[in-house]
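Chain naming here is simple, since letters A, B, ... match the order of the sequence lines and numbering starts at 1 in each.
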There are 2 protein chains.
Amino acid sequence: MEAQTADVARKPARKQQQRSIVTQQKLLDAAIEAFSENGFKGTSTRDIAERAGVHHPLITYHFKNKEQLWREATDRIFREFNVSLVKAMDEIPDIDPKAKAETFVGTYLHYSRSQPALHRIILQEANCPSERLDWLVEHHLRPLYDEVHTAIAGMQQIGIVPAGSPALLFNMIRVCAGGLVALKLELKQTSDIDLDSDEQIAELADLIIRVFFPGEQPSLG
Amino acid sequence: MEAQTADVARKPARKQQQRSIVTQQKLLDAAIEAFSENGFKGTSTRDIAERAGVHHPLITYHFKNKEQLWREATDRIFREFNVSLVKAMDEIPDIDPKAKAETFVGTYLHYSRSQPALHRIILQEANCPSERLDWLVEHHLRPLYDEVHTAIAGMQQIGIVPAGSPALLFNMIRVCAGGLVALKLELKQTSDIDLDSDEQIAELADLIIRVFFPGEQPSLG
DNA sequence: GATACCACTGACCGATTGGAAAATAAAAAT
DNA sequence: ATTTTTATTTTCCAATCGGTCAGTGGTATC
């Protein structure tokens, strides 16, 4: 039993101070950056604290330990992405699946560009089994997959998407968007592609649509 | 000036012992595994030595330092891949570009499956600028890009590959193959895809061809 | 078999790691 | 203004880090 006194005698719980919120935000931002660059093992809590401009024991004060900081930082990215995805998708009528697809790809690309950690964190954790990967799959990846997966299958039936495993197709689309953005430093050096520019992101979005959704939208009438 | 005595008086240089070669191989294999799982910073030389079943000072004995071990391990993967790629491509006549494409994708996929580090190492280093990334680009990534890039442009002209930036298309194909294999642990959990199985690798190969090379081969007569 | 070199072992170094603990400062509640 | 709680700072710890080095054992050459 925890020492949490039940309903009765609940402490008034003094409200969290503003500076504490700021510190937490700075630490979360720094953690996202550091973890996506060097992975969980490769990132030191002192490095995170330094990027945040904060003393390192504040990490254990605000987040208990490195693992928990990772979880909350990762959670923030995926929740934020989900919010912008839902907001964008809600504006497109269900009756127009191709526009839905375009919006999904566009949102994924634009969010990835502003926050490449979205894909990088996954890649960092997918290299070997871990509790972090399990957590990531259960809380964020599987829900997204389950939703988009059926949408793709539906688009195959009306001929917008080529035949084949919808699971494979979804993940191919995903890596063409997020995976390419995650590689943007390399692409700049090998292929003269600058995925920080609006034009080239738009070009990539267009290409993904043309390659993976080549079918014409059936008449809506 | 180094102490290397010029032409004259070159020491007979006793030949390398067999056990030393074995040790180096074990260290290289272990290094590839460890670096691709945890990145350069996240991997300790003691971890590598332990995976290799060897005492850790042998790393500096055989490879000078961690950085050099990374270079030689990475070099081995890419050289090995290049050998199997060239061998496979040489058997296909230049006159049949679609078969060339299929062979390229197939070889990339099969090698990636046996050695997922091929793509994982790139992903580990593409997250922030480093001398290792520069080295990787210059010695292995750019040469491959330069070669395949023009082949894709050629296939676009005869209508096999959809229009669009050949640079983007090449990299999309690359991540659909290597990037998906690098994510195979995640795909098993989210999408019930097992990229260790022959069938699903073949399915992915087929899908990549159908999506990125949808055009028919023009008559050869 | 003696010798010289190669491959390996064990012990050690200063620096960095994740985390705990005590002391201090700042802010809110009374 | 005093008390109480929250937030931060300073200091410290055992464990691990990359790398060095002197010494030991194994192997090929003479």
Between [atom2] on [N] and [atom1] on [X], what's the gap in Å once rounded to a whole number?
X: Gln24(A); N: dT6(D); atom1: CD; atom2: P; answer: 13 Å
X: Lys41(A); N: dA15(D); atom1: NZ; atom2: C1'; answer: 14 Å
X: Ile21(A); N: dT6(D); atom1: CD1; atom2: P; answer: 14 Å
X: Ile59(B); N: dC17(D); atom1: CD1; atom2: C1'; answer: 12 Å
X: His62(B); N: dG19(D); atom1: NE2; atom2: P; answer: 16 Å
X: Arg46(A); N: dG18(C); atom1: CZ; atom2: P; answer: 7 Å
X: Lys64(A); N: dA21(C); atom1: NZ; atom2: P; answer: 13 Å
X: Lys66(A); N: dT16(D); atom1: NZ; atom2: C1'; answer: 12 Å

Counting side-chain heavy atoms from CB outward, which of [options] is closest to [X]?
X: Pro57(A); options: dT20(D), dA20(C), dT9(C); result: dA20(C)
X: Ser44(B); options: dG19(C), dT17(C), dG18(D); result: dG18(D)
X: Thr45(A); options: dT8(D), dG18(C), dG18(D); result: dG18(C)

- Message: Applying a 4.0 Å non-hydrogen cut-off, can you work out what His56(A) is touching in the nucleic acid: base, sugar-phosphate, or nothing?
- Response: base
- Query: Going by atom types only, do Arg76(B) and Gln115(B) share a side-chain donor-acceptor pair under 3.5 Å?
  - Reply: no
- Parallel, tilted or perpendicular: which fits the ring planes of Phe104(B) and Phe170(B), with parallel below 30° and perpendicular above 60°? tilted
- Aromatic plane relationship, Phe35(A) with Phe40(A) - under 30° parallel, 30 to 60° tilted, over 60° perpendicular: parallel
- Task: Name the residue closer to the 5' end of DNA chain D, choosing between Arg19(B) and Thr60(B) according to the nucleotide with the nearest heavy atom.
- Result: Thr60(B)
- Would you tell me if any nitrogen or oxygen in the side chain of His55(B) comes within less than 4.0 Å of OP1 or OP2 on dC8(C)? no
- Closer than 4.0 Å, any side-chain N/O of Tyr61(B) to the OP1 or OP2 of dA7(C)? yes
- Could you walk me through whether Arg79(A) and Asn82(A) pass the side chain to side chain donor-acceptor pair (under 3.5 Å) check? CA-CA 5 Å; Arg79(A) 283 183 193 280; Asn82(A) 240 321; over 6 Å; no
- Which atom pair, heavy atoms only, marks the closest approach of Tyr108(A) to Ala177(A)? CD2-CB, 3.7 Å
- 5'-most contact on DNA chain C: Asp47(A) or Gln18(A), nearest heavy atom basis? Asp47(A)
